[in-house]
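Data first, discussion second: the structure below is written as structure tokens.
Throughout, a chain's letter reflects where its sequence line sits, starting with A, and its residues are numbered from 1.
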Amino acid sequence: MHVQAAKTVSHILHNCRQSENSYPRSYPPKTLLPFLTPPKTPTLSFRLASAPIKTREPNTNKTKSKVSIQVRLMRFVVTKPSAGAGVAGKARLGALYLGGGGAAPPIETPALVVPTRRGLPSFISRDLLDRLPYPDSLLLHLCPIHFIVCPSTRTIKNIGGVHEMVGLQDHFFIASPGDSVESLPEHGGTNKIGAAFETPSGRRLINPKDYMDIISSTRPNLWASLADEVPAWVTEKRNRLSIDRTLKWLDDCLSLDQEKGASTLGAVVGGPNIEHRKKCATEVSMRNVSGFYLGGFGLGESIEERSALLNAVTNILPEEKIRFVSRLGLPEEVLQGVAAGIDLFDSTYIYHLTLGGFALVFPLDILGEAPEALLRNSSNDYTKINLHATIYRKDTSPIVDKCSCYTCQDHTRAYLNHLLNVHEMLAQILLEIHNTHHYLGFFRSIRRALKQEKFELFRERFMESRRVHLTEAVPYS
Amino acid sequence: MALQFEVVGRFNRARASKLTLPHYVVQTPMFMPVGTQGTIKGLTNSQLEDIGCQIILGNTYHLALRPGAELIDELGGLHKFMNWKRGLLTDSGGFQMVSLLHLADITEEGVTFQSPVDGKPMLLTPEESIQIQNKIGADIIMALDDVVRTTITGPRIEEAMYRTLRWMDRCIAAHKRPDAQNLFGIVQGGLDPVLRDICVRGLVERNLPGYAIGGLAGGEDKDSFWRVVAQCTAALPEDKPRYVMGVGYPLDIVVCSALGADMYDCVYPTRTARFGTALVPEGVLKLKHNAMASDERPIDSTCSCMVCKNYTRAYIHSLVTRDAMGSQLLSYHNLSYMMRLSKDLHMSIVEGRFPEYVRGFLRTQFPKGDVPQWVCNAMEVAGIDISSCCAPVPV
């Protein structure tokens with residue numbers, strides 16, 4: 001039965017074919033135990049391999065509290081340095097602590113930065129966000145370009161910043177210019193004055209001062225400087241220009257920054273040119289920044305050439321500072337980034353899956369499964385299912401057996417199939433919850449593999465299991 | 001009969017009650033949000049429970065099309081399919097006769113629809129409607145009635161009223177689960193008091209678990225509207241619930257409650273939310289207006305819902321009509337408002353302060369004292385003194 005992918009699905013998703021009689025095998029993830037409410041004063045110890053997923057108490061009537069700048073500062077610590085050798089030699093574990101001596105638990109890295117629209121996920125409101133894994137789901141992306149039109153910087157400032165404005169005072173926001181859905185970098189429009197973005201309200205040019213106005217009014221915990229991000233096919237001249245501009249804008253942003261770089265991620269660009277990348281990385285490392293934003297990836301370079309570019313940059317960047325990359329969203333791309341020493345990933349993979357009616361089902365306990373089990377002969381795409389498919393009409397099982405997300409605990413595939421068929425908004429809400437939960441689980445698996453020093457094996461097994469469906473003939477019914 | 005109706009408070013014609021249904025115990029007066037296709041648009045079950053929803057509506061016509069009555073039955077009924085643990089009510093599909101009239105052909109046998117999904121004809125008879133509702137399994141099901149718009153005049157109204165009574169008998173005969181589902185009759189008869197009276201007496205004779213007042217909320221003038229409600233509530237039995245279908249605006253709900261009605265449903269709160277309008281005690285707040293872009297107050301400072309406790313008008317303004325989240329948050333607030341209204345009505349009657357509550361409500365909605373005449377007329381019949389809310393008429 002050929003399954004039709006929705007038109008809005010990004011080109012990076014594969015079409016998947018489902019046979020009439022097959023269902024994704026349920027898996028026993030040992031680590032996805034039922035959630036517990038977290039202790040009142042969580043300790044700062046790191047999660048062990050068998051730690052249960054925790055969620056926090058629902059927070060429907062939180063009174064507003066204005067948090068000072070001091071408490072917003074984040075501190076990054078490398079907890080397990082890279083091994084240095086081997087294919088995945090640069091991968092490392094880290095932890096992000098919220099400054100100010102609060103009791104908040106650290107966010108372990110490598111971590112997923114959950115995408116947002118104007119500070120909130122596309123479909124998950126704050127009361128439902130509380131039920132996602134804790135503290136993983138505290139890390140949110142902020143795109144300053146979303147606030148070009150409204151609310152005004154003065155209004156945002158009066159309200160007290162983005163945390164207050166969206167009612168997520170305990171969450172952490174990491175800002176970078178642009179996202180892959182609504183605010184796309186438009187290198188053709190970028191000039192010496194500012195960076196151009198294609199937005200729903202047309203093409204917008206933003207200069208460092210305007211950018212810093214939005215940053216200083218929203219007050220994210222970490223923010224990347226304004227960059228000239230160019231796709232992989234530009235001329236060498238244009239590429240060099242992008243580096244000069246990006247460095248200049250970094251200096252402009254730092255000079256306008258009240259915190260003097262304490263929350264700044266210096267943007268490193270350089271397109272597809274390794275030498276340029278190295279040069280830019282060296283320059284940015286010399287500035288007084290707290291971490292780095294690797295810009296210009298996910299804009300047309302192939303997955304094969306990307307490794308060399310990522311490593312060229314991370315080889316130069318200081319080990320102790322955090323690295324954030326945008327637009328590397330697919331699981332394979334995340335694994336590639338982790339191997340190159342990246343700590344934070346902002347991905348709109350979940351968003352595109354959700355819009356298309358897809359739900360992630362791939363097993364998270366890659367290392368626990370016997371290799372044969374993962375490669376079992378079946379014409380299934382083990383990654384995701386398309387809930388539009390009619391085979392789910394009467395399927396009363398949850399999306400993923402024993403998944404502890406709200407969607408899987410409360411609803412069935414049959415109900416989701418119905419919601420998608422009648423174009424009801426609840427479908428996207430429930431799917432985004434499950435997909436976010438599942439993808440956060442994927443990152444947990446990565447961290448667990450790193451702790452056990454089995455990351456290379458993990459990556460290998462994962463890649464093999466993803467390719468199974470491509471190597472088998474699918475009966476066309 | 002699968003319900004128990006206990007009046008726990010009164011003021012003149014208004015009453016507060018405890019209504020025990022197979023899946024839930026509800027308090028009336030009560031507003032029921034409409035979840036046409038097996039979901040309230042943009043809200044999860046947990047949110048609906050947080051807000052305080054007691055009963056939600058499903059629609060027989062839509063659910064029979066997708067996902068289909070057989071499928072719902074096979075999967076254990078709509079409660080199980082949606083995983084909704086509280087009360088459900090299904091409409092018969094009758095209203096679609098009016099709203100989708102260009103697709104419908106009404107005869108004594110039933111209603112033939114042209115399905116909007118695949119163009120095939122779909123015949124909805126009273127028997128078929130009840131069969132489908134039996135499969136869906138809601139706590140309260142509605143008889144198939146012959147609905148005409150109140151804006152129509154002439155012999156069609158009388159024809160529809162008598163047909164409604166004949167169809168009522170067919171519905172009763174076809175109903176296979178009276179021990180688990182309550183079949184309500186619907187009073188028709190347009191705006192004609194004689195016809196309405198005949199219909200009421202006919203339905204009361206059949207001794208149903210509850211009664212609905214149908215055919216209203218379709219564009220008739222308000223003065224006629226309240227009179228029909230008043231006439232019906234006066235004639236319907238005291239010890240059974242009364243449901244005014246398609247109502248609606250908070251003001252209408254307050255008036256109808258004062259006249260003795262108990263249950264209401266309408267798409268208005270959720271639909272208007274998707275267009276960027278919030279319900280507030282003063283009336284409505286249009287979040288799309290430019291003035292909202294810098295307004296740092298919550299939507300309603302007297303509201304304690306999640307949205308009003310956490311968000312400013314300025315932020316909601318930036319979301320509405322742009323992001324799905326805007327619709328969700330406004331729907332959340334609007335339904336919270338309607339649940340609060342229901343609760344306030346119930347508690348003010350129980351605690352013996354219903355007239356004060358009505359006066360407070362009217363003063364907040366009409367600070368200049370310009371209470372509409374129809375409301376004044378209705379309140380007179382309801383026996384509630386609202387002279388202090390009305391500005392003196394200029395001589």
Side-chain angles (χ1 to χ4, degrees), chain A residues 58-64 116-128 131 146-147 149-152 154-156 158-160 162 164-169 182 200-201 393-396 406-407 409-412 414-415 417-419 421-430 432-433, chain B residues 35-47 50-51 62-63 65-68 70-72 74-76 78 80-85 117 274 290 292-296 298 304-319 322-329 331-332 336:
Chain A
N59 211 349
T60 48
N61 283 318
K62 196 175 173 72
T63 49
K64 287 191 191 186
T116 65
R117 291 265 191 92
R118 289 185 191 81
L120 284 177
S122 306
F123 304 105
I124 310 176
S125 54
R126 60 183 298 287
D127 52 328
L128 298 170
R131 298 169 109 166
H146 293 166
F147 301 100
V149 176
C150 65
S152 69
R154 178 147 44 99
T155 304
I156 300 176
N158 288 345
I159 295 174
V162 67
E164 282 297 322
M165 186 167 65
V166 304
L168 294 173
Q169 288 83 351
E182 207 183 76
S201 53
R393 280 192 80 226
K394 297 186 186 176
D395 189 345
T396 53
Y406 173 76
T407 305
Q409 292 289 307
D410 268 45
H411 292 294
T412 61
Y415 187 55
N417 175 269
H418 164 67
L419 292 176
N421 282 331
V422 295
H423 311 291
E424 281 285 348
M425 212 190 298
L426 186 59
Q428 277 77 45
I429 299 172
L430 295 176
E432 195 179 46
I433 289 174
Chain B
T36 310
Q37 304 193 99
T39 158
I40 305 284
K41 294 191 192 312
L43 295 170
T44 63
N45 290 343
S46 61
Q47 290 174 318
D50 288 343
I51 291 170
H62 290 283
L63 291 171
L65 279 175
R66 296 178 294 194
E70 287 303 331
L71 188 147
I72 295 179
E74 218 179 296
L75 298 187
L78 188 59
K80 195 148 176 231
F81 185 61
M82 290 174 65
N83 198 18
W84 173 247
K85 303 187 171 62
V117 175
R274 296 195 295 281
N290 283 330
M292 296 289 123
S294 54
D295 193 332
E296 291 153 34
S304 58
C305 80
M306 183 264 292
V307 178
C308 293
K309 276 255 174 282
N310 287 280
Y311 297 106
T312 55
R313 298 172 182 193
Y315 183 65
I316 305 279
H317 168 86
S318 71
L319 295 178
R322 275 183 256 254
D323 296 328
M325 182 62 65
S327 296
Q328 283 174 241
L329 294 177
S331 295
Y332 191 105
S336 299

For M325(B) and P121(A), work out which heavy atoms get closest and say how close. CE-O, 3.2 Å

Where on A314(B) is there a heavy atom nearer than 4.5 Å to chain A: the side chain, the backbone, both, or neither? both

Donor-acceptor pair, R117(A) side chain versus A324(B) backbone, under 3.5 Å? no

CZ of R118(A) to CZ of R322(B): how many Å apart, nearest 0.5 Å? 5.5 Å

Looking only at P200(A), S122(A), S152(A), the option with the highest number of non-hydrogen pairs under 4.5 Å against chain B is S122(A)

Interatomic distance, CZ@R154(A) vs OG@S294(B), rounded to 0.5 Å, equals 7.5 Å

I433(A), V166(A), L419(A): which one forms the most heavy-atom pairs within less than 4.5 Å of chain B? V166(A)

Distance col, row T36(B):OG1 vs E424(A):CD, nearest 0.5 angstrom, shows 7.5 Å

What distance do N158(A) atom CG and E296(B) atom CD have between them, rounded to the nearest 0.5 Å? 4.0 Å

Over all atoms of both residues, closest heavy-atom pair of H317(B) and C150(A): CD2-SG, 4.3 Å

For N45(B), which atoms come within 4.5 Å of any heavy atom of chain A: side chain, backbone, both, or neither? both

Can you say whether S327(B) sits under 4.5 Å from chain A via the side chain, the backbone, both, or neither, judging by heavy atoms? side chain

Which atoms form the tightest heavy-atom contact between K394(A) and L75(B), and what is the distance? O-CD2, 3.9 Å

Would you call Q47(B) and L128(A) a side-chain contact if the rule is heavy atoms closer than 4.5 Å? yes

Nearest 0.5 Å, what's the CD-CG distance between Q37(B) and L426(A)? 12.0 Å

For each of L43(B), L329(B), L319(B), T44(B), tally heavy-atom pairs with chain A at distances under 4.5 Å, and name the one with the top tally. T44(B)

Measure the spacing between CG of L120(A) and CG of D323(B) and express it to the nearest 0.5 Å. 9.0 Å

Counting N and O atoms only, with roles assigned by atom type, does the side chain of Y406(A) sit under 3.5 Å from a partner on the main chain of S46(B), one being a donor and the other an acceptor? yes

Within the side chain of Y311(B), is there an N or O that forms a donor-acceptor pair under 3.5 Å with the backbone of M165(A)? no

Between Q328(B), K80(B), K41(B), which has the largest tally of heavy atom pairs under 4.5 Å with chain A? Q328(B)

Residue E182(A) versus chain B: region with a heavy atom under 4.5 Å: side chain

